[in-house]
Number of protein chains: 2
Amino acid sequence: MELSERKKQILKAVVEHYIESAEPVGSKVVSQELGVSSATIRNEFAELCDLGYLEQPHTSAGRVPSPSGYRLYVNELMERRSLSAQEAENIDETLRDRLESVGGVVANAGALVSSLVNYPAYTVTDGNRALTVERFELVPVDDKSFIAVVMTSDKNVKSQLQSAALPFDGDRLADLRHLLNAHFAGRSRAEMGEHLLSVSEQLPPELFLVLSKTVEYAGGILDEAARRDVETTGASRLLKMPEYRDADKAHELMTFLVDNKENLPVPEDGAPLKILIGPENVNEALRDTSVVVASYDIGDGMRGLVGVVGPTRMDYATVTARLSYFAESLTKMFGKGLPAADDTKDRRTPKE
Amino acid sequence: MELSERKKQILKAVVEHYIESAEPVGSKVVSQELGVSSATIRNEFAELCDLGYLEQPHTSAGRVPSPSGYRLYVNELMERRSLSAQEAENIDETLRDRLESVGGVVANAGALVSSLVNYPAYTVTDGNRALTVERFELVPVDDKSFIAVVMTSDKNVKSQLQSAALPFDGDRLADLRHLLNAHFAGRSRAEMGEHLLSVSEQLPPELFLVLSKTVEYAGGILDEAARRDVETTGASRLLKMPEYRDADKAHELMTFLVDNKENLPVPEDGAPLKILIGPENVNEALRDTSVVVASYDIGDGMRGLVGVVGPTRMDYATVTARLSYFAESLTKMFGKGLPAADDTKDRRTPKE
DNA sequence: TTTAGCACTCAGGAGAAAAGAGTGCTAAAA
DNA sequence: TTTTAGCACTCTTTTCTCCTGAGTGCTAAA
């Protein structure tokens, strides 16, 4: 059943007042706003309660939005405001600033977003399980050690000093490099492990030992890249919100954000923005919090997520506006190509 | 003036009771413990108050230790218990476990210590400002790009894909490598910058551009290594302590731990363990908290710090015991040499 | 020097009462 | 038929008072 226009206006007013004040909203305030008497509003209140959009903490209190009330608000009623030029410029500027600093934008995305919206935030950088080693290089250092250089298919390069038990000459190193590239480049992590077994028989043991160390090093890089990483920041902001003034409630959510961050929602569809309100969250611990999560494009078909966690009484309009803008800015930056500052950020793709 | 033996016993009892209960300690409990009447204890209480070791929240309440009371307790009265075999084994085991996992021990030291003592913890890894580049290597990839490999004086190796605007051949690359090693290896960060200027005139501009990019990359590595890094964990544990049940108080300290972590105490002397009680902390925000901080040895004369933050009513005996043991274990592990798992952990030192 | 005894202080809790915000319902007005 | 004024009612919150109990300081006797 479609709600009357007036009911929608009333619901909207209740949600917005409640978001601002965290106090149940009475008929009087709304009546002033809509220009009808409080009695009329009360009648509408009663119906909106029956329909499940509003709730009453107790008989003689004002009304509070129910989860479905918030849902309707978010879907239909909320004004999808876009940022003012000023706000947008602020975000752009911060992004530019952070870009210069060590560690880059992504590492700071959580803290940035958290300060932007004043709620705890989280970031998810999804592991790349399709990554392979594109190329091995071995650079001699002395007769017992060399630098193993591993370039992965996303053109990142990592390296490590390796040393062998016995001395070996340059030819051996060239052989080894050839073996590595022939047998382990372009392979998935699992295949690398299998190959290691089959190669083991064709090589003198002391050489195999060196080779396997390098392969394991490369495997470690792939494992690391495949790992999904979730980080949370700004949990302490909860303490300033009336719903988390109670230390136990705050503690519960805060420890969840730290110790169970893997269970924060990671929407699988490619939607740019997802809002999960209260019980829409599968996870028990998030049942009376809301989560707004946006995805951004890293390039190479990879995506990152950045989300915000707060009470269901969240300022959805502001949060969605800022978060979307932030995610879009990130996508734009990655699209344009980041200036290289360290090896985790180099995105240029030279031809082979 | 030296305190009588009985006064010391009384102070010790008060401190220990208060640490456990967070409630002012009355004369009755102490009298039962010491086997004298409560009136006697009350007389002693009054004197300990005059001497500044105890305080009275209000006239008709029990006594609470003052900062100097805690100080005396820590210096003279506290039993410096060593860990039980069981406890020690637990720590060792966790350390071994974490050692296997990605990221290594140091990255997790904070979280580990925090869970060990049940207070917020922080780690400081001091920057190495003496680090230099030991060696540059350039590995050709194609006619426009190469891998820059930088080995620093602590034998860590980092690398990055670099590309030039114009094609160049292998000879040029060898020249470049030679130039880099001749002019920039072994130099401090500042010297590298100066040298870049002087070299700029001796080179064709397109080659200089490539060279400067690599030098800047190396400089970035040195900068990164020189940076002092402070991390905090476990701040939410505060919420379980009676002194931080008040959301505002908790918020204040928690935001300090996150946003002002650089101002956490970093004792400059080489003491293995330092205890700062309440007002002994220079920083205003830590005036009614205590900090226990231990240092451990990374090798190469480098040190790391790991500390614990909590109310002055901190369980000093347990914290110092566990923290010392932890720091000693870390030192031992670094001494023995960590098994290499990724390039941040390799500590072996091959001869040049 | 220690201890028993006693009057005194003060925080914290339990009720009771009052205030206040807001409701639902009825009956009149539009 | 819808809206509104009016009013009694409900329930939380605040305030006040009183009371209790833990703990004290002081005095005088052991």
Side-chain angles (χ1 to χ4, degrees), chain A residues 1-11 13-18 20-66 69 242-243 245-247, chain B residues 1-11 13-18 20-66 69 242-243 245-246 313:
Chain A
M1 186 202 92
E2 184 69 6
L3 253 51
S4 74
E5 192 51 37
R6 192 170 68 184
K7 281 208 178 56
K8 286 184 183 174
Q9 288 307 310
I10 293 172
L11 179 57
V14 171
V15 171
E16 284 172 359
H17 271 102
Y18 187 66
E20 209 192 301
S21 70
E23 302 275 304
V25 182
S27 54
K28 206 169 163 185
V29 209
V30 181
S31 88
Q32 280 162 359
E33 212 150 290
L34 288 242
V36 285
S37 82
S38 63
T40 311
I41 299 293
R42 279 202 292 281
N43 288 331
E44 298 281 48
F45 271 10
E47 286 178 49
L48 283 165
C49 269
D50 291 344
L51 293 167
Y53 294 114
L54 291 181
E55 283 168 358
Q56 225 172 349
H58 53 265
T59 348
S60 74
R63 299 310 206 283
V64 162
S66 73
E243 28 277 282
R245 305 244 51 172
D246 175 56
Chain B
M1 187 203 89
E2 183 69 6
L3 253 51
S4 74
E5 191 51 38
R6 191 169 68 182
K7 281 207 178 57
K8 286 184 182 174
Q9 288 305 308
I10 293 172
L11 180 57
V14 171
V15 171
E16 284 171 359
H17 271 101
Y18 187 65
E20 209 192 303
S21 70
E23 303 274 305
V25 182
S27 54
K28 206 168 165 187
V29 208
V30 182
S31 88
Q32 279 162 0
E33 213 150 288
L34 290 240
V36 285
S37 83
S38 64
T40 311
I41 299 293
R42 278 200 293 281
N43 288 331
E44 298 279 48
F45 270 10
E47 286 178 48
L48 282 165
C49 270
D50 291 342
L51 292 166
Y53 294 114
L54 292 181
E55 282 168 359
Q56 224 172 349
H58 53 264
T59 349
S60 73
R63 297 311 206 283
V64 161
S66 73
E243 28 276 283
R245 304 244 51 170
D246 174 55
R313 181 190 64 84

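The chains referred to below are lettered A, B, ... by the order of the sequence lines, with proteins before strands, and numbering in each begins at 1. Keep in mind that what you see is a predicted model, and the values were worked out from it rather than measured.
- Residues Ala247(A) and Arg245(B) approach most closely at CB-NH2, 3.0 Å, considering heavy atoms.
- Nucleotides of DNA chain C with any atom under 4.0 Å from a heavy atom of chain B span, from 5' to 3', dT2(C) to dA11(C).
- For Glu20(A), the salt bridge (charged side-chain N to carboxylate O under 4.0 Å, His left out) criterion is met by no residue, not counting sequence neighbours.
- DNA chain D is contacted by Gln56(B), Thr59(B), Ser60(B), Ala61(B), Gly62(B), Arg63(B) of residues 56-66 of chain B, taking any non-hydrogen atom closer than 4.0 Å.
- Judged as a salt bridge (Lys or Arg N to Asp or Glu O under 4.0 Å), not a single pair has a partner in residues 49-61 of chain B (not counting sequence neighbours).
- Put simply, CD on Glu44(B) and CG on Leu3(B) are 9.0 Å apart, with the number rounded to the nearest 0.5 Å.
- Rounding to the nearest 0.5 Å gives a distance of 9.0 Å between CG of Leu54(B) and CD1 of Ile10(B).
- Taking Ser37(A) as the reference, Thr40(A) meet the side-chain hydrogen bond (donor to acceptor under 3.5 Å, both in side chains) condition, with sequence neighbours excluded.
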Could you pull out every donor-acceptor pair under 3.5 Å between side chains of residues 23-36 of chain A and any protein atom, sequence neighbours left out?
residue  : atom : partner  : partner atom : Å
Ser27(A) : OG   : Arg42(A) : NH1          : 3.3
Ser31(A) : OG   : Lys28(A) : O            : 2.9

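- For Glu47(B), the salt bridge (charged side-chain N to carboxylate O under 4.0 Å, His left out) partners at least two apart in sequence or on another chain are Lys7(B).
- Residues that satisfy the side-chain contact (heavy atoms from CB on, under 4.5 Å) test with Asp246(B), not counting sequence neighbours, are Asp248(B), Lys249(B).
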Using Watson-Crick and G-U wobble pairs with both distances under 3.5 Å, what is the 5'-to-3' dot-bracket string of DNA chain D, with [ ] for crossing pairs and | for pairs outside the strand?
||||||||||||||||||||||||||||||
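- Within residues 32-46 of chain A, the residues having any heavy atom under 4.0 Å from DNA chain C are, by residue number, Arg42(A), Phe45(A).
- Scored by the side-chain hydrogen bond (donor to acceptor under 3.5 Å, both in side chains) test, Gln56(A) finds no partners at all (sequence neighbours excluded).
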Mind running side-chain contact (heavy atoms from CB on, under 4.5 Å) on Val14(A) and Tyr53(A) for me, showing each step along the way?
CA-CA 10 Å; Val14(A) 171; Tyr53(A) 294 114; over 6 Å; no
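- Heavy-atom minimum distance, Gly62(A) versus Pro57(A): O-CD, 3.4 Å.
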Nucleotides 14-19 of chain D: protein proximity per nucleotide (B base, S sugar-phosphate only, - neither; heavy atom, under 4.0 Å):
------
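- Residue Leu11(A) comes nearest to Leu48(A) through the heavy atom pair N-CD1, 4.4 Å, listed as atom of the first residue, atom of the second, then distance.
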